[in-house]
Amino acid sequence: MSQNREQWGSKLGFILAASGSAVGIGNIWKYPHMAGENGGAAFTIVYLACIFVVGLSIVVAEFVIGRKTQLSPVGAFETLAPNTNWKWVGYLGVASAFVILSYYGVVGGWILKYIINSISGGFSGLAGNPDAAGDTFNGFITSSYGPLFYQLIFMGLTIFVIIRGVKGGIEKWSKIMMPLIVVLLGVLAVRGMTLEGGMKGISFLFNPRFEDLTASAIVLALGHSFFTVSLGMGTMITYGSYLDKKQNLMNSALWVLFLDTAIAMLAGVAIFTTVFALGANPAEGPGLIFVVLPTVFGQLTGGTIWGTMFFILLFMAALTSAISILEVVTAYFIDQMGWSRKKATIQFGALITVVGAFCSLSYGGGINITGFLGMPFFDVMDYLSSKYMLPIGGMLTAIFILKKWGIGEYMKELKTGMGDADISENLIKVFLIIAATVVAFIIFNEVYFEITGKALIG
Ligand code: PHE
């Protein structure tokens, strides 16, 4: 354990950095369209249950492992279980970081491009015309150089923040960007609610439609709860490793979950009120952000401002998540290989950018190295990480505590910093068992589906 390991400057800084990791494209893009398509509040109830049972157990577990060992995932598992295979859970995390950031950086680039489109008044030509907006979006993402250029800028910014370190980079920028995200989203939500007909968007989002809640929506909610809280790849182990013994880890975890959920819902309100007020199609699915929103911003008075605000806040959310992903890789090379922060960040940031370029080009830019799988390389990376790597990583983390490290030792570290608060060991254990079991079932269900073409549920 190095004596001069970097530390967070304050509790607030840590919470903002960890929730900055959690709040990302998943909250502002994926959650609203998933809820919109899968029963509104009915989906949200299942999602909340997943977050507060499975999600909470794993966030706390990751914080505890990180703070105990003061190391990023590989070193952390190696320290707690020397000379065993458990360190592979850490390597799986580093690999997941590679896989996720490669395509996440591409989407970050798309967002930057949409900020420019909005500022230059490009949305007004798309007003009320989803076909034209769809053509614009598809034309852009299937071209070769444009998306690569913006991806490069986005990744450059990610590298820039990480090089500056834990306090001077991650914490500093999270403290600036997180409050801005909340304020901008709040303004957009109020704007949406005060538009005529905007309240119909609220009932679309918050009225439970149980008939639309299929078994596969339940599976979706569980999978998404890992992605949205950045679980299963050691992000929270790494962030936890920069903490001192004074922090109350349960309390910090609850803050992160609360902010992550609140911001996802606020995004849903901002988006659906505006979409309903202008009579656009709410069930557009993934096209909601890049296709439907430009058509509604184009129609709105002051649409250039609202549109620009929206894409800027989305950009900030994406950036605070991207830095947490790259930090997992950087921290591995610092902790385990003794590299300098600068060298690790630049070399691996660059390598991930190159892998990401193949994701981008797989959408029509000319190179699709996984065409033989019948899927663009971009989709393969998304599929592998969200369906398998994160859930498997999260499940193994829970099993590690139950079977290897031992609940007693785990509780000791968890209770450190909690003062007199009493917390039941049995309850924590039951939560971890539920988390591991539910996730194991979901992974099994997915594999079963791939093999037989039929899912057990969903
Ligand atoms: N939580 C981020 C989002 O919602 C994505 C992410 C996944 C970040 C895994 C870090 C690790 O967009």
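Ligands are counted one by one from 1 in listed order, and the atoms in each one are counted from 1 as well.
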- Return the set of residues passing ring pair (Phe, Tyr, Trp, His ring centres under 6.0 Å) with Phe348 (not counting sequence neighbours), or none when no residue passes. Phe333, Trp339
- Task: Go through the structure and list residues passing side chain to side chain contact (heavy atoms under 4.5 Å, CB included) with Asn281, not counting sequence neighbours.
- Result: Ala283, Glu284
- Item | Step-by-step ring pair (Phe, Tyr, Trp, His ring centres under 6.0 Å) determination, Tyr242 to Phe14 | CA-CA 9 Å; Tyr242 305 126; Phe14 162 64; 9.6 Å; no
As a test of reading the model: which N/O atoms of the protein lie under 3.5 Å from N/O atoms of ligand 1, and at what distance?
residue  : atom   : partner : partner atom : Å
ligand 1 : 1 (N)  : Ser21   : O            : 3.2
ligand 1 : 1 (N)  : Ala22   : O            : 3.0
ligand 1 : 1 (N)  : Phe227  : O            : 2.8
ligand 1 : 1 (N)  : Thr228  : O            : 3.2
ligand 1 : 1 (N)  : Ser230  : OG           : 3.1
ligand 1 : 4 (O)  : Ala22   : O            : 3.1
ligand 1 : 4 (O)  : Gly26   : N            : 3.4
ligand 1 : 4 (O)  : Asn27   : OD1          : 3.3
ligand 1 : 12 (O) : Ile25   : N            : 3.0
ligand 1 : 12 (O) : Gly26   : N            : 2.9
ligand 1 : 12 (O) : Tyr104  : OH           : 2.6

- Item | Residues Glu327 and Arg341 bridged, charged N to O under 4.0 Å | yes
- Partners meeting ring pair (Phe, Tyr, Trp, His ring centres under 6.0 Å) with Tyr239 (sequence neighbours left out): Trp8
- Task: Can you spot which of Lys68, Arg5, Glu62 makes a side chain to side chain donor-acceptor pair (under 3.5 Å) with Ser241?
- Result: Arg5
